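All values reported here derive from a predicted model rather than from experimental measurement.
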Amino acid sequence: MSDSWENEKHYKTAAYSLLTFVLLIFSFQVGFSLVVNILRNIDIYHKMQIVKNAHRYSFKKNSNLKNELYSFNSAKSLESIARNNLKMAGNNEILLVLNYDLSKENNDKNITVKIPKEKGIFYKR
């Protein structure tokens, strides 16, 4: 009788060990899938923000282009474009174009003056 009871005890111990191992595998799989889904949600949220920013930029650019289109349809704006960009003159007008040396202005712009930093606990910029 004790021999059958020992076999039954070993059978239950083996069965419980197997069930514990299976439960451990399932819990590992659930944890892994949880981490993967969280990372996927973060990635999707990041991509969605990129698309939203691109949409906002495109919408602003589209509205600016529409406004420019409406402003270019008027005769006054076309005349200003012709005068300023294309160097055209109207009837009974003389176009005077003054050329001057840009290198002098460029040399002045390239010179930088270093401002001394104020001393304190931290340097101020």
Side-chain angles (χ1 to χ4, degrees):
M1 178 156 176
S2 73
D3 195 26
S4 67
W5 186 72
E6 292 279 331
N7 287 340
E8 189 176 317
K9 185 177 176 184
H10 287 298
Y11 175 73
K12 283 184 179 180
T13 305
Y16 288 146
S17 297
L18 181 65
L19 288 175
T20 304
F21 183 70
V22 170
L23 181 65
L24 185 64
I25 289 174
F26 285 157
S27 61
F28 177 74
Q29 184 179 4
V30 166
F32 182 74
S33 63
L34 179 71
V35 169
V36 168
N37 283 333
I38 288 172
L39 293 176
R40 186 178 298 146
N41 284 338
I42 291 171
D43 185 47
I44 288 172
Y45 178 77
H46 180 68
K47 287 179 182 177
M48 193 167 59
Q49 293 301 320
I50 291 172
V51 170
K52 281 183 181 179
N53 290 338
H55 178 262
R56 267 191 242 123
Y57 174 75
S58 300
F59 188 76
K60 285 180 184 178
K61 189 172 182 179
N62 189 17
S63 64
N64 288 341
L65 289 174
K66 283 181 183 178
N67 291 336
E68 288 177 8
L69 179 68
Y70 291 131
S71 68
F72 287 141
N73 286 338
S74 67
K76 206 176 221 184
S77 64
L78 290 176
E79 183 180 350
S80 67
I81 291 171
R83 286 180 183 273
N84 296 332
N85 296 342
L86 303 177
K87 308 291 189 248
M88 298 176 83
N91 293 336
N92 299 328
E93 290 182 348
I94 298 173
L95 181 65
L96 182 62
V97 178
L98 300 175
N99 292 328
Y100 58 96
D101 192 14
L102 294 176
S103 62
K104 290 180 183 177
E105 285 186 15
N106 290 339
N107 289 337
D108 293 339
K109 289 180 183 177
N110 291 337
I111 298 172
T112 57
V113 177
K114 192 171 186 180
I115 300 171
K117 297 179 180 178
E118 296 180 23
K119 291 188 178 178
I121 296 174
F122 299 105
Y123 286 110
K124 295 181 182 178
R125 291 184 181 199

Novice: To the nearest 0.5 Å, how far apart are CG in L39 and CG in L34?
Specialist: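 L39 atom CG to L34 atom CG measures 9.5 Å (nearest 0.5 Å).
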Novice: Indicate every side-chain donor-acceptor pair of residues 14-27 with a distance under 3.5 Å to a residue at least two apart or in another chain.
Specialist:
{"from": "S17", "atom 1": "OG", "to": "T13", "atom 2": "O", "distance (Å)": "2.8"}
{"from": "T20", "atom 1": "OG1", "to": "Y16", "atom 2": "O", "distance (Å)": "2.7"}
{"from": "S27", "atom 1": "OG", "to": "L23", "atom 2": "O", "distance (Å)": "3.2"}
{"from": "S27", "atom 1": "OG", "to": "L24", "atom 2": "O", "distance (Å)": "2.8"}

Novice: First locate atom NE2 of H55, then atom OG of S58, and finally report the distance between them rounded to the nearest 0.5 Å.
Specialist: 7.5 Å
Novice: Under the side chain to side chain donor-acceptor pair (under 3.5 Å) test, which residues partner N62, sequence neighbours left out?
Specialist: none
Novice: Kindly write out the residues that satisfy side chain to side chain donor-acceptor pair (under 3.5 Å) with Y45, not counting sequence neighbours, or none if the list is empty.
Specialist: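 By the side chain to side chain donor-acceptor pair (under 3.5 Å) rule, Y45 matches Q49.
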Novice: Going by the rule side chain to side chain donor-acceptor pair (under 3.5 Å), which residues pair with N53 if we only count those two or more places apart in sequence or in a different chain?
Specialist: R56
Novice: Under the side chain to side chain donor-acceptor pair (under 3.5 Å) rule, collect the residues that match up with K47, sequence neighbours excluded.
Specialist: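 With sequence neighbours excluded, K47 shows a side chain to side chain donor-acceptor pair (under 3.5 Å) to D43, given in chain and number order.
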Novice: Could you give all pairs that pass the side chain to side chain donor-acceptor pair (under 3.5 Å) test and reach residues 30-42, with sequence neighbours left out?
Specialist: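 Applying side chain to side chain donor-acceptor pair (under 3.5 Å) to every pair that reaches into residues 30-42, excluding sequence neighbours, yields N37-R40.
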